[in-house]
Amino acid sequence: MTSAPRRVSCGEKNRGPEKEGRAILTSDQLLADLKLLHPKLIDLSLGRVERLLAKLGNPHKSLAPVVHIAGTNGKGSTTAYLKAILMAAGLRVHVYTSPHLVRFHERIALAGADGVTRPIAEDVLVDVLSRTQAVNDGDDITQFEITTAAALLAFSEHPADVILLEVGLGGRLDATNVIESPVLTVLTPISYDHADKLGSTVELIAAEKAGILKPGVRCIVSQQDDAVNEVIAREAARLKASLVVWGSAYDAYEQRGRLVVQSADQLLDLPLPALIGPHQIINAGTAVAAALELDGLLDGVKVSEDAIERGLTEARWPARMQRIDSGPLPSLLKPASELWLDGGHNPAAGRFLAETLADLEERAPKPLYLVVGMLGLKDAAGFLGAFRGLARHVVGVPIPGSHESPFHPDALAEIAQSVSLNAEAEASVEAALKRIEAIDPGPKRILITGSLYLAGHVLALQEGVEPQAN
């Protein structure tokens, strides 16, 4: 009797070396296999990940204290500041973020024995992915859900004092929302984005993100529109969750080249944050407010003003108004030109970026050019419209290897023209830079923006490596 042919996975086609009779797969191969377990990349639900975590022995119930962070803009930057502050205070910090830029390992950062938080090592990643895949046993689950379970497994097996857990998408039904009792929650600025999955109004989107609030758990609320604050307040009242709200419980602002963070009983005069832009005042202020709350919530933890100062100035977060000074791409430009990179991709991010670039223009005038690639479901007109009257020219480019359909460069150019921007299309980032150099051979400021996936492609070009697929 002949058995039916078995489906051959991507990993089986590319076996690594044998170890004790078993093939060892790379993280690339494992991640490719995990992507085949569900027909959709994103399918918001908690049931599948809860089922898998139960099979793994519920590692999410034996973690270090968790800070759960959601929002539309500023999640990554706020997390970066908070991580740096807590590390400066002597804490071991695990961090979970998404998407990655170049390598998947960036998503799961583990505190080492020396207290430094680093991306998960390849052998550790392969181990937790393999074990999670084996326990899942082919059940229907999205790649984000199963890799979140793997991250929680890794966190449970490596000692830490605190875990910073960033939401992937939304909040209420995001796979990270399996954490039942975080020590603190944080809501960064919420605005219109991912409407196809979270709702068609900012109020509906806010309700999804406020889904991370938990009964009796305090929430740090960053600067929000009034409509968003009303949604958060209603959910907090229902759950009896106390709120620490920007503008009433605390505030942050720049004054004479310093960052001032003020609450009812405290005023901190701090250095400006390492990441540039007026919006980083909001993100840094939110992180400081969270750190001060943790000072009283974590046993034996003292977050000093010195630790806060060090954290703000030492924080690093790639592709957030990142200056690229050397490497293959800047070499395409003549001296005295500036090349910047930012993964902003929604109208609010566009406004933040335009404000930052207007400030740069006031301090050091140079004509501004944009190189833009965006995913097709994004509000490209809303994003690009923020640069009207500021950008001299826009060049639309593709996003190589994107997991979602991006705008064709010609379509982006047409959208830019529809909001009164001069625009054209090119086949690559390199071609776009060469085209801008031909248009204007003098000193200029160029921003590559529109997508974190495009930003990852750019960083991979700079490093001379192939980016790992999202």
Side-chain angles (χ1 to χ4, degrees), residues 65-71 73-93 95 115 117 161-164 166 182-190 217-224 229 232 236 241-317 320-321 352 355-356 359 363:
V66 172
V67 179
H68 202 186
I69 303 167
N73 292 300
K75 293 196 303 290
S77 298
T78 300
T79 300
Y81 290 125
L82 188 53
K83 179 191 80 169
I85 291 169
L86 296 177
M87 285 176 58
L91 276 69
R92 297 167 299 173
V93 188
V95 185
T117 302
D161 299 304
V162 64
I163 298 171
L164 306 182
E166 181 191 304
V183 67
L184 185 72
T185 59
V186 180
L187 289 173
T188 68
I190 295 170
V217 176
R218 192 165 300 165
C219 179
I220 306 296
V221 182
S222 188
Q223 188 180 70
Q224 310 287 357
N229 271 326
I232 296 169
S242 60
L243 300 178
V244 180
V245 180
W246 178 290
S248 56
Y250 75 103
D251 199 358
Y253 49 91
E254 182 178 352
Q255 187 175 72
R256 293 191 295 275
R258 301 279 291 176
L259 170 65
V260 178
V261 180
Q262 185 174 8
S263 64
D265 56 359
Q266 195 169 18
L267 187 146
L268 296 178
D269 181 17
L270 303 164
L272 289 177
L275 306 179
I276 74 167
H279 55 297
Q280 293 298 347
I281 299 296
I282 300 169
N283 298 331
T286 304
V288 170
L292 293 174
E293 286 297 327
L294 289 172
D295 186 81
L297 292 172
L298 296 176
D299 292 338
V301 171
K302 178 60 181 175
V303 181
S304 66
E305 186 168 342
D306 177 66
I308 293 173
E309 289 190 1
R310 285 175 54 201
L312 291 177
T313 56
E314 293 174 2
R316 298 293 181 268
W317 196 233
R320 277 71 178 180
M321 278 305 291
F352 289 146
E355 188 176 359
T356 300
D359 184 57
R363 290 189 282 115

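The chain is numbered in sequence order, starting from 1. These figures come from a predicted structure and were not determined experimentally.
From Asn229, atom CG reaches atom CD1 of Ile190 across 8.5 Å, with rounding to the nearest 0.5 Å. Interatomic distance, Gln224 CD to Ile282 CD1, rounded to the nearest 0.5 Å: 9.5 Å. Once rounded to the nearest 0.5 Å, the distance linking OH of Tyr81 with CG of Leu86 reads 14.5 Å. Going from atom CD of Glu254 over to atom CG of Leu270 covers 12.5 Å, rounded to the nearest 0.5 Å. Between atom CG of residue Leu91 and atom CD1 of residue Ile85 there is a gap of 11.5 Å, rounded to the nearest 0.5 Å. The line from CD1 of Ile220 to OG1 of Thr185 is 8.0 Å long, rounded to the nearest 0.5 Å.
Closest non-hydrogen pair, Gly311 versus Ala84, comes out as O-CB, 3.3 Å. Nearest approach of Leu297 to Val183, heavy atoms of both residues: CD1-O, 3.5 Å. Considering every non-hydrogen atom in both Leu164 and Leu82, the closest pair reads CD2-CD2, 3.8 Å. In terms of heavy-atom proximity, Gly71 sits nearest to Thr188 at CA-OG1, 3.2 Å. Residues Arg92 and Gly115 share a closest heavy-atom pair of CG-CA, 4.5 Å. Considering every non-hydrogen atom in both Ala307 and Ala88, the closest pair reads O-CB, 3.5 Å.
Contact annotation: the side chain of Pro273 approaches that of Ile281 to within less than 4.5 Å [non-hydrogen atoms, C-beta and beyond]. Between Asp161 and Val301 there is no side-chain heavy-atom pair separated by less than 4.5 Å.
Every pair tested for side chain to side chain donor-acceptor pair (under 3.5 Å) that includes a residue from residues 294-307 fails, sequence neighbours excluded, so the list is empty. Each ring-ring contact (aromatic ring centres under 6.0 Å, His included) pair with one or both residues in residues 251-286, not counting sequence neighbours, appears once here: His279-Phe352. Within the structure, the salt bridge (charged side-chain N to carboxylate O under 4.0 Å, His left out) test picks out the following pairs touching residues 265-290 (sequence neighbours left out): Arg258-Asp269. Annotation: ring-ring contact (aromatic ring centres under 6.0 Å, His included) contacts involving residues 287-310, sequence neighbours excluded, are absent. Pairs engaging residues 270-284 under the salt bridge (charged side-chain N to carboxylate O under 4.0 Å, His left out) rule: none recorded [sequence neighbours left out]. Listed by first and then second residue, the salt bridge (charged side-chain N to carboxylate O under 4.0 Å, His left out) pairs that reach into residues 76-88 come to none, sequence neighbours excluded.
Glu314 meets the salt bridge (charged side-chain N to carboxylate O under 4.0 Å, His left out) test with Arg310; sequence neighbours excluded. For Glu293, the salt bridge (charged side-chain N to carboxylate O under 4.0 Å, His left out) partners at least two apart in sequence or on another chain are Arg218. Shown here are the salt bridge (charged side-chain N to carboxylate O under 4.0 Å, His left out) partners of Arg256, two or more places apart in sequence or in another chain: there are none. Under the rule for a side-chain hydrogen bond (donor to acceptor under 3.5 Å, both in side chains), the partners of Thr286 that lie at least two apart in sequence or sit in another chain are Ser222. Ser77 is linked by a side-chain hydrogen bond (donor to acceptor under 3.5 Å, both in side chains) to Gln280, counting only residues two or more places apart in sequence or in another chain. Listed by chain and residue number, Tyr250 satisfy the ring pair (Phe, Tyr, Trp, His ring centres under 6.0 Å) test with Trp246 (two or more places apart in sequence, or in another chain).
With Leu312 as the partner, the side-chain contact (heavy atoms from CB on, under 4.5 Å) test is satisfied by one option alone out of Val261, Leu275, Leu272, Leu259: Leu259.
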For side-chain contact (heavy atoms from CB on, under 4.5 Å), just list the numbers for Val288 and Leu268, CA-CA rounded to whole Å, side-chain angles, deciding distance to a tenth of an Å, and then say yes or no. CA-CA 10 Å; Val288 170; Leu268 296 178; 4.0 Å; yes

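Checked by atom type and distance alone, the side chain of Asn283 never pairs as donor or acceptor with a backbone atom of Thr78 at under 3.5 Å.
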